[in-house]
Novice: 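The structure under discussion is supplied below as structure tokens; questions concerning it will follow.
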Amino acid sequence: IDAVDTGGFANAPQTEAEDGEDALSAKYLDGSAFWGAMGWDTIAIPWLPFFSNCEGFDNHIVIWELFENPHKLREGCELYDTDATKTVNVLGGVDPATLEIRQTPIADNCEFVTKCHFEENLKEGAYKSYLWWDIPEEKADLFWLTRDAIDWDTYKQQDPLFRTLEGTDSLVKVEYSASGRMGRRIPRRVAFTMGYYQESPTEKKIVT
């Protein structure tokens, strides 16, 4: 299977207007059906939940692809080679090798905008539970990200492993905030911010 850059290609959302009875919203089952059948408390997925049909990412924003820019450098991103990456030493910001004082790392960073399409049925009351953008509270916990990168052997352990990580520093909470909603039910713009600590030239840890 060849990986291709999908940026700029049209990707029609899987809505009832586009796909009729084959649309995701037409086949929706309440989440309790999945959790009841699996008997799990957690599930690990390799993409950002709730974001779908986004330009340049296809159906999901896969976390590895988001971080690594494997096809080409994404507009709004700066990526540094390992030799050019500089960390901030925890002991006063002094690099012990060069005695250089550095308070800000020289490391990968991104700030970009992409357009996404809702796949959900936007009619109020269409679902038995709240969708993320319909949560009535101004703040809520949505999901967690692993603080460290994980390999396939770790990922495939699923609930037996990840349920034990809840409440530990190994997971970083992703919080939903609707303080700028201004009474509107369905958002037109969503800001997703993620911060990390450059622990070494080859290793990052997600912190926010």
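Side-chain atoms are counted along with the backbone in the values below, which use heavy atoms only and exclude waters and symmetry mates.
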Novice: Under the ring-ring contact (aromatic ring centres under 6.0 Å, His included) rule, what do F162 and W144 come out as? Steps first, then yes or no, please.
Specialist: CA-CA 10 Å; F162 290 102; W144 286 261; over 10 Å; no
Novice: Return yes when atom CD of E75 has more than 12 non-hydrogen atoms of other residues, nucleotides or ligands closer than 6.0 Å, and no otherwise.
Specialist: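 No, not enclosed.
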Novice: Show me the pairs that pass disulfide bond (SG atoms under 2.5 Å apart) and involve residues 133-208, at least two apart or across chains.
Specialist: none
Novice: Does one hydrophobic cluster hold both I186 and Y176, with members joined at side-chain heavy-atom distances below 4.5 Å?
Specialist: yes
Novice: Under the salt bridge (Lys or Arg N to Asp or Glu O under 4.0 Å) test, which residues partner K204, sequence neighbours left out?
Specialist: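 Checked K204 against salt bridge (Lys or Arg N to Asp or Glu O under 4.0 Å); matches are D108.
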Novice: Quick one: salt bridge (Lys or Arg N to Asp or Glu O under 4.0 Å) pairs with a partner in residues 162-178, sequence neighbours left out?
Specialist: D41-R163, D141-K173, D159-R163
Novice: Y130: which residues meet the side-chain hydrogen bond (donor to acceptor under 3.5 Å, both in side chains) condition with it, sequence neighbours left out?
Specialist: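 Expected list: none.
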Novice: Residues two or more places apart in sequence or in another chain: which of them pass side-chain contact (heavy atoms from CB on, under 4.5 Å) with I101?
Specialist: V94, Q103
Novice: Is it the case that more than 12 heavy atoms not belonging to D81 sit under 6.0 Å from its CG atom?
Specialist: no
Novice: Please identify each residue that fulfils salt bridge (Lys or Arg N to Asp or Glu O under 4.0 Å) with D83, with sequence neighbours left out.
Specialist: none
Novice: Using the rule that two of Ile, Leu, Val, Met, Phe, Trp, Tyr join whenever any of their side-chain heavy atoms come within less than 4.5 Å, decide whether Y196 and I63 are in one cluster.
Specialist: no
Novice: Which heavy atom in V174 sits nearest to a heavy atom in F192, and how many Å separate them?
Specialist: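 Closest pair (atom of V174, atom of F192, distance): CG1-CE1, 4.0 Å.
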Novice: Please report the closest heavy-atom contact between L142 and W132, naming both atoms and the distance.
Specialist: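 Looking at all heavy atoms of both residues, the closest pair is CD2-CB, 4.1 Å.
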